[in-house]
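Written below as structure tokens is the structure these notes are about.
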Amino acid sequence: SVLPDISPSRGEIALGEPRSPTVDAARGEPAVKLPISPLEGEMSGRTEGGAVEHSRRPIGFFNVSHATALGIALPYGSMPAEKIIALAQHALALGTSEIRLAPGRALLFLGQPPAANQPLQHTATALGFVTAPTDPRTRIAACPGTPACASGRIATRDIAETIATENADILDFTLHISGCAKGCAHPGPTALAIVGGENGAGLVVNATAKALPAGYRPGYDAARGIGRVAAMIRSARYQGETAAACLTRLGPAGIAEAYRQAQTEKRK
Ligand code: SF4
């Protein structure tokens, strides 16, 4: 198969120089075309959280300067230091000579012999890094939330992990999970956002984290509410319809009702 080529262009410094070039993807040219595009109107994220420049994330194998580079990403934009150190040490042992920052909070590993790419990717996967462009975590923007941020009202990363594990099949849109209404991980609107607040985990539909939620659930139980929304999408969507289009068709009231529904069942 032909690998996407993100070789440096004319005039850039060759691989291995201390002041390494930025790959073409960083200048706005998609490194690899992914099957899913961001929804229209969505803004790219910024600082904390998994910002959602889907089409520009160099995750997987790429040709860089006539060699194969391995791109991996940090889930939601961060990883514990010990895991980054472990991966870097393993990469060093396998012959990686350079690690570059890349768009989408990704890292490019360069210089290792071709036979080292698969073992390095396996190690990254085992450590919890994002190693496939289809990883559902690339569809979720999640700030640190509680307990990492004093303003956080919900455990954003735990909720994100549960949703990514249980509902990957419907994540063809950006899901924003925000510890509070500030919305650090994704300032722009998303199809769905879970936002921590005084009333628990609010569900915002097609708006930013600052908008008034259409429904609430207890913060610890937010993932189950999204599970209900996912179940509704699975049963309601037409053949070939994306989950994003299905959500638009169902509308905020129906989505919010599904989100709250699990709570209703619990009380029976
Ligand atoms: S959105 Fe709120 S909880 Fe999340 S990082 Fe920003 S201030 Fe903290």
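Values below: every heavy atom of this structure, side chains too, minus hydrogens, waters and symmetry copies. This structure is a prediction, so every number in the text was calculated from the model and none was measured. Whatever order the structure lists ligands and atoms in, that order sets their numbers, starting from 1.
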R234 and N167: side chain donor to acceptor below 3.5 Å: yes
T134 backbone acceptor or donor facing T138 side chain under 3.5 Å: no
Those atoms of ligand 1 less than 4.0 Å from some heavy atom in S178: 1 (S)
Full working for side chain to side chain donor-acceptor pair (under 3.5 Å) between S78 and R157: CA-CA 10 Å; S78 70; R157 301 280 170 87; 2.9 Å; yes
Under 4.0 Å to a heavy atom of S151 - the qualifying atoms of ligand 1, by number: 3 (S), 7 (S)
CD/E82: more than 12 non-hydrogen atoms of other groups inside 6.0 Å: yes
Numbered atoms and elements of ligand 1 in range of K182, under 4.0 angstrom, heavy atoms: 7 (S)
Proximal atoms of ligand 1 relative to C143 (non-hydrogen, under 4.0 Å): 1 (S), 3 (S), 4 (Fe), 5 (S)
For G179, atoms of ligand 1 separated by under 4.0 Å from a heavy atom: 3 (S), 4 (Fe)
T174 and T190: side chain donor to acceptor below 3.5 Å: no
Short side-chain to backbone donor-acceptor contact, T156 and C143, under 3.5 Å: yes
Close-contact set for ligand 1 against G183 heavy atoms, below 4.0 Å: 1 (S)
Atoms of ligand 1, numbered as shown, that sit under 4.0 Å from any heavy atom of P144: 5 (S)
Backbone or side-chain N/O/S of C180 under 2.8 Å of atom 2 (Fe) of ligand 1: yes
Element-labelled atoms of ligand 1 that are located less than 4.0 Å from some non-hydrogen atom of G152: 3 (S)
Ligand 1 contact on C149 by region, counting heavy-atom pairs under 4.0 Å: side chain
Side-chain donor-acceptor pair present, Y216, E198, cut-off under 3.5 Å: no
C184 backbone or side-chain N/O/S under 2.8 Å from atom 4 (Fe) of ligand 1: no
cation_pi(R249, Y238) dist<6.0 Å, angle<=45: yes
